[in-house]
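Working notes for the structure below.
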Amino acid sequence: MSGERGLPRQFYDMLMESQFWSPEQLRSYQQSQLSQLLRHARANVPFYQHRLDSVFASNGDIDWDKWNKIPILKRSDLVEQGPGLLATTLPPGHGGTTKAFTSGTSGAQLTLISTQVAHIALNGNRFRYYAWHEVDTSRDCCSVAGDDTAVAAWPEGKVLGRWGAEWDVDSLDGTMRQINRLTSLENILEFIERKRPAYLTSGPNRGLALALTAKRLGASVSFAAFLPHGEATSDRARAAISEAFGAKSIDLYSTKEGGHIAHLCPGGGELHVNAESVLVEIVDESGAPVPPGTQGRVIITPFFNAAQPLIRYDQGDLASWAPRCACGRNLPSITRIIGRSTTVFYHPDGRIRSAFLGKSRHLLNCEFWQIAQTGPTQFEVRYVPIDAAVPGNEAALAARMREMYFDDAEVTFRRVDAIPAGDRGKALEYVSEWEPPT
Ligand SMILES: [Zn+2]
C-alpha cells in the first residue's frame, strides 16, 4: 500500500463515483471483473476446469448471453468439493489468504478462504455505507460477535481498536469493543452501560433480544444507530431497537460467503447492491431470472475472491428486485431480504433468550439438529445421529440449555431421520413453536 493513495483508498474513491455510473458503464465494469474471475477459475481451480465451458466461445471469448448456462453452485457443493474449489495459484497482487468457518442452518460446517483484495473490497463497501448514513467512526462501537467463551468474555470484552478507514485521522479516536455472543443478555447490557458506545453491531436477532431485555430491566442505554450484521433487520426488531435504544437500524445484507452484498439506500427504502464487488441475480425455481417485484432465490458471484471463487452461488436467501431508486444511484435495488432464522425464545416471566447455542452440537454426535421451544418451558431437540449405534449425550445438552436459556427448561429429545424443511425450503436449527400470550 505505497504511494499517495493505497489500494483501499483508491477503491473507496472509485465506489463513491461508481455509485452514479450509468447502467452501461456499470455493466462494462462488471463484465471486466467477471471475465478475469472466470478465466482465473477455469485455469487454476480444479472444480471449474470444465464447469464454465458453456460461456467460453472456441476463440476464448466470453459469450455473456450464455451466462445462465453456468450451473448454480450449492452450499452442498462447497461442503463436498472442499479443496477442489480452492485456487492452486492466485493472480499477482491478491495478497495472502485468511480462513473462516461458518456453520449455517443446514448443519455442515464450511471452510471459507478469503484474500486481502476481497478484504479491501469489503472494507471499501463498508466505509461507503458509513458515509451514506453518517456513521461516525471517531466514536466507539460495541460488537456482539464470536462464539468462543474464552475470547471477548464479560466483564472486559476485547478491544479490537480502530474501526474507521485508515486514511481518516478522526477515526483514530474511535474504538471497537467486542463481547462474545454467548454472554448473557443481562451481562451484555451491563457491559454496554459501562462502556457507553455510540453504536451497537450484532445480528438482528441478538439486537431484538437485547432491546426486549433492556426494556424489561428498565436499562438506560441509547445508541446513535444499530448496525446489524448478517441478515436485514425485521420490522419487529427495528421497532423494538428504536423503542429501547432510540436507535435507527441501518440495514445491510452481508454473508460470510459474499461479504457486504447490499446496503440500505441513504434515502431509506430499499437496499442497493454493491454491484462493483458482487453480481447479484434473483432466480426462480428453474434458475431463470425473475422480473422486478417477483420473489426468487439470491444467487451471488463475488468478484474479488480469487482464492475460492464462488460463481453463481445460491446464497439460500429470498429477495426481489425493487424499482429504480429515486436517489440517483444506479446500483440495482433489492427489497429487504426474507430472513433466515430470526428465532428468539421466551420465558413466561418475560425473560428472552436468543436461540444460538454455540458449539454444542458435538454433544449429540449429530450433524443436523433442530431445537424447538414447544411450550412455556418445554423444549424438544430433534436430531439426526451420525451413527445410530452411538448414543448422544442428551443429559449434557439439556444441562447446557438450562444454562444458556432458562434454568427451568424441560428438555426432551427425539432422534429423527431428517429435519423437515421449513416453509422457505430450508431446515431451521432454531424454531419457536410457542409464544407468550400478549
Ligand atoms: Zn437509493
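Heads up: numbering here begins at 1 and tracks the sequence. Start at 1 and go down the list; that is how both ligands and their atoms are numbered. This is a predicted model, so every value here is computed, not measured.
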Inset, instruction - Sort out for me which residue in Q33, R128, Q30 forms a side chain to side chain donor-acceptor pair (under 3.5 Å) with E276. - result: R128
Legend entry - Every N, O or S from the protein that is nearer than 2.8 Å to the Zn ion (ligand 1): C265 SG, H272 NE2, C325 SG, C327 SG
Inset, instruction - Enter the distance from Y405:OH to S184:OG here, rounded to the nearest 0.5 Å. - result: 14.0 Å
Legend entry - Side-chain donor-acceptor pair present, S320, T335, cut-off under 3.5 Å: yes
Inset, instruction - Give a yes-or-no answer on whether the side chains of R162 and S171 include a donor-acceptor pair shorter than 3.5 Å. - result: yes
Inset, instruction - Give a yes or no on whether a salt bridge exists between D140 and R196, defined as a side-chain N under 4.0 angstrom from a carboxylate O. - result: no
Legend entry - Electrostatic pair R324-E270, nearest N-O below 4.0 angstrom: no
